Every structure is written in C-alpha cells, then in structure tokens.
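Being a predicted model, the structure only gives us computed values, none of them experimental. We're numbering straight along the sequence, starting at 1.
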Amino acid sequence: MNQSRLTRSDSSENSVTYLLDLARANVPNAREDLFSVLVGELRRCGVSVMQNERNGHTLGLSGVVNEVVLKLLRENAIESAENRRHLYSSANRAMRQVLVDHARKRDSSKRGGDRKREPWDTLLEGFVSENGCEFEDLHEALNQLNEESPRQREVVEHRFFSGASIQETAQMLGVSPATVERDWRLARIKLHAIIRKARKGGESVG
C-alpha cells in the first residue's frame with residue numbers, strides 16, 4: 001500500500017475537537033458545523049486512499065463522502081463519540097464499509113450481465129491499480145489483522161484512510177511516534193502476507 005501524502009492541519013484537528021465538545025453539549029448549530037468540517041476531512045481522506053484526483057475519482061469520491069456522512073448520521077456517531085479519536089475511527093470504519101459494499105455490488109452486477117458504469121467503478125479501479133489489490137481483499141485482511149492487533153488495525157486506518165501523519169496518529173492513539181512507526185511497518189507486512197496467502201490459495205481473503 002502507498003503511504004499517504006496528505007495530513008490534517010493542527011487547526012483542523014483542534015476544530016474537530018472543539019466542535020465535538022460543543023455538539024455533545026447541544027450548542028445550537030455545532031452539530032451542523034462539525035459535519036461540515038467532517039465532510040471536508042472525508043474528502044481529503046478519500047483522496048489519500050486513491051492518491052489521485054482524476055475526474056472519475058473525484059466524482060466517485062463525492063458519492064463515498066455522501067454515503068459515509070449518511071452512515072455516521074444513522075449511527076449517531078456524534079452522540080456516541082467519546083472524543084476525536086472515536087469519531088475519526090467511526091468515520092474510517094464507515095468509509096471502509098461504504099467502499100467494500102459498493103465493490104461487492106459491482107462484482108455481483110458484473111456476474112449478472114450488462115450494467116452501466118458508475119463513477120464508483122473508476123474510483124475502485126484506481127485503488128486496484130495504485131495499491132495492487134482489490135479493496136475487498138484489503139477490507140478482509142484488516143479484519144484478520146484486528147483479531148491479532150486491534151491497535152495495528154487502527155494505525156492502518158488512521159494512516160491510510162484518514163491520511164494522518166505518524167505524529168498525528170500517535171497523538172490520536174495516545175502512544176509514541178516510534179510505536180506508530182513500528183505498528184505501521186509491521187501491519188503492512190502482515191496485510192501483504194494475508195493477501196498474498198489468499199491469492200496463492202485461490203480464495204478470497206475472508
């Protein structure tokens with residue numbers, strides 16, 4: 001997997017923390033302001049995952065962001081988030097699920113015959129070409145990694161899906177940058193091994 005080239009600014013992080021506190025205190029308009037900030041963050045996260053902003057990616061990315069925001073709203077992410085870490089973790093999981101759900105629908109439609117191409121298809125195809133694996137395989141590999149090391153799975157999600165730097169991830173998880181660097185390195189080795197083993201066996205990762 002490619003390392004993210006994008007990071008969030010400190011002011012953006014502080015804004016999310018501040019707005020989350022206001023929203024949880026039911027301050028008028030804080031919830032709407034928080035989701036406006038999150039939409040911008042999610043777009044940057046999505047670009048980080050895809051690494052390019054070609055037209056098809058951008059169109060597909062808008063759909064991803066819309067679905068993720070709706071999913072967060074349905075799951076009452078703000079009300080249940082204890083802090084910024086939990087909120088971003090919820091957003092990461094939502095983005096993963098939205099992308100894998102569409103990838104599975106795309107595969108099912110392909111088997112069913114003719115279908116109209118969607119911007120999502122270009123987005124997912126870009127992921128495959130840029131990362132060397134199907135999104136479903138990465139999703140399932142992360143699930144397996146979580147069984148062994150939930151923190152390593154979370155490091156991957158923050159680094160890969162949120163586009164967070166080593167330092168930002170360390171602050172988010174409350175560990176040292178050296179710990180994040182080690183987890184990030186080991187997690188990628190494990191994920192590649194899981195995916196490679198599944199391919200060799202001719203089976204899906206899950």
Side-chain angles (χ1 to χ4, degrees), residues 1-2 4 6 35 38-81 85-147 150 152-164 187-188 190-192 194-195 198-199 202-206:
M1 292 182 298
N2 296 325
S4 169
L6 301 180
F35 268 102
L38 278 177
V39 166
E41 290 298 297
L42 287 167
R43 288 191 63 82
R44 284 188 287 276
C45 292
V47 172
S48 172
V49 173
M50 302 307 160
Q51 293 294 315
N52 278 305
E53 292 186 79
R54 295 194 294 269
N55 287 338
H57 284 197
T58 303
L59 288 170
L61 181 57
S62 296
V64 171
V65 170
N66 291 339
E67 288 295 321
V68 170
V69 170
L70 287 174
K71 190 172 181 63
L72 290 173
L73 285 169
R74 287 195 299 268
E75 295 174 355
N76 296 317
I78 290 179
E79 288 77 3
S80 60
R85 172 184 176 178
H86 290 166
L87 185 59
Y88 274 105
S89 292
S90 294
N92 288 334
R93 288 194 301 271
M95 181 174 286
R96 271 181 61 191
Q97 195 60 56
V98 166
L99 286 169
V100 79
D101 285 349
H102 182 77
R104 288 168 176 166
K105 289 178 183 177
R106 178 196 59 174
D107 292 343
S108 177
S109 297
K110 282 182 179 179
R111 291 192 294 270
D114 294 335
R115 63 184 291 275
K116 182 180 178 180
R117 280 184 59 82
E118 301 177 20
W120 294 74
D121 296 321
T122 303
L123 188 95
L124 289 165
E125 288 163 5
F127 174 88
V128 172
S129 66
E130 290 150 16
N131 295 281
C133 70
E134 296 287 342
F135 190 84
E136 302 98 306
D137 289 343
L138 173 60
H139 176 72
E140 297 297 347
L142 282 168
N143 288 341
Q144 289 191 33
L145 177 65
N146 185 63
E147 295 177 3
Q152 288 181 5
R153 184 267 306 161
E154 196 169 2
V155 165
V156 172
E157 288 182 339
H158 285 302
R159 294 282 286 132
F160 190 66
F161 291 93
S162 292
R188 285 179 293 167
K190 292 175 183 178
L191 289 171
H192 281 299
I194 292 170
I195 293 170
R199 286 175 176 169
E203 302 173 353
S204 66
V205 175

Practice task
Would you give the length of the straight line joining atom CG of L142 to atom NZ of K190, rounded to the nearest 0.5 angstrom?
Solution key: 12.5 Å
Handout entry: Inter-residue atom distance S89.OG - H158.NE2, 0.5 Å rounding
Key = 4.0 Å
Practice task
Check whether any side-chain heavy atom of R93 sits under 4.5 Å from a side-chain heavy atom of E154, and report yes or no.
Solution key: no
Handout entry: Non-hydrogen side-chain atoms of L73 and F35 separated by less than 4.5 Å
Key = yes
Exercise for the section: Answer yes when E67 and K71 have at least one side-chain N-carboxylate O distance shorter than 4.0 Å, and no when they do not. Expected result: no
Exercise for the section: Please report the shortest heavy-atom distance between V68 and A91, naming the atom on each side. Expected result: CG1-O, 4.2 Å
Exercise for the section: Would you mind telling me which of V100, L191, I194 makes a side chain to side chain contact (heavy atoms under 4.5 Å, CB included) with L138? Expected result: L191
Completion exercise
By salt bridge (charged side-chain N to carboxylate O under 4.0 Å, His left out), E157 pairs with (sequence neighbours left out) R96, R153
Handout entry: Point-to-point distance, once rounded to the nearest 0.5 Å, from CE of M95 to CG of L72
Key = 9.5 Å
Problem - Check: N92 side chain, Y88 main-chain N or O, donor-acceptor pair, under 3.5 Å - result: yes
Exercise for the section: Evaluate the side-chain proximity of H139 to Q97: yes if any heavy-atom separation is below 4.5 Å, no if none is. Expected result: yes
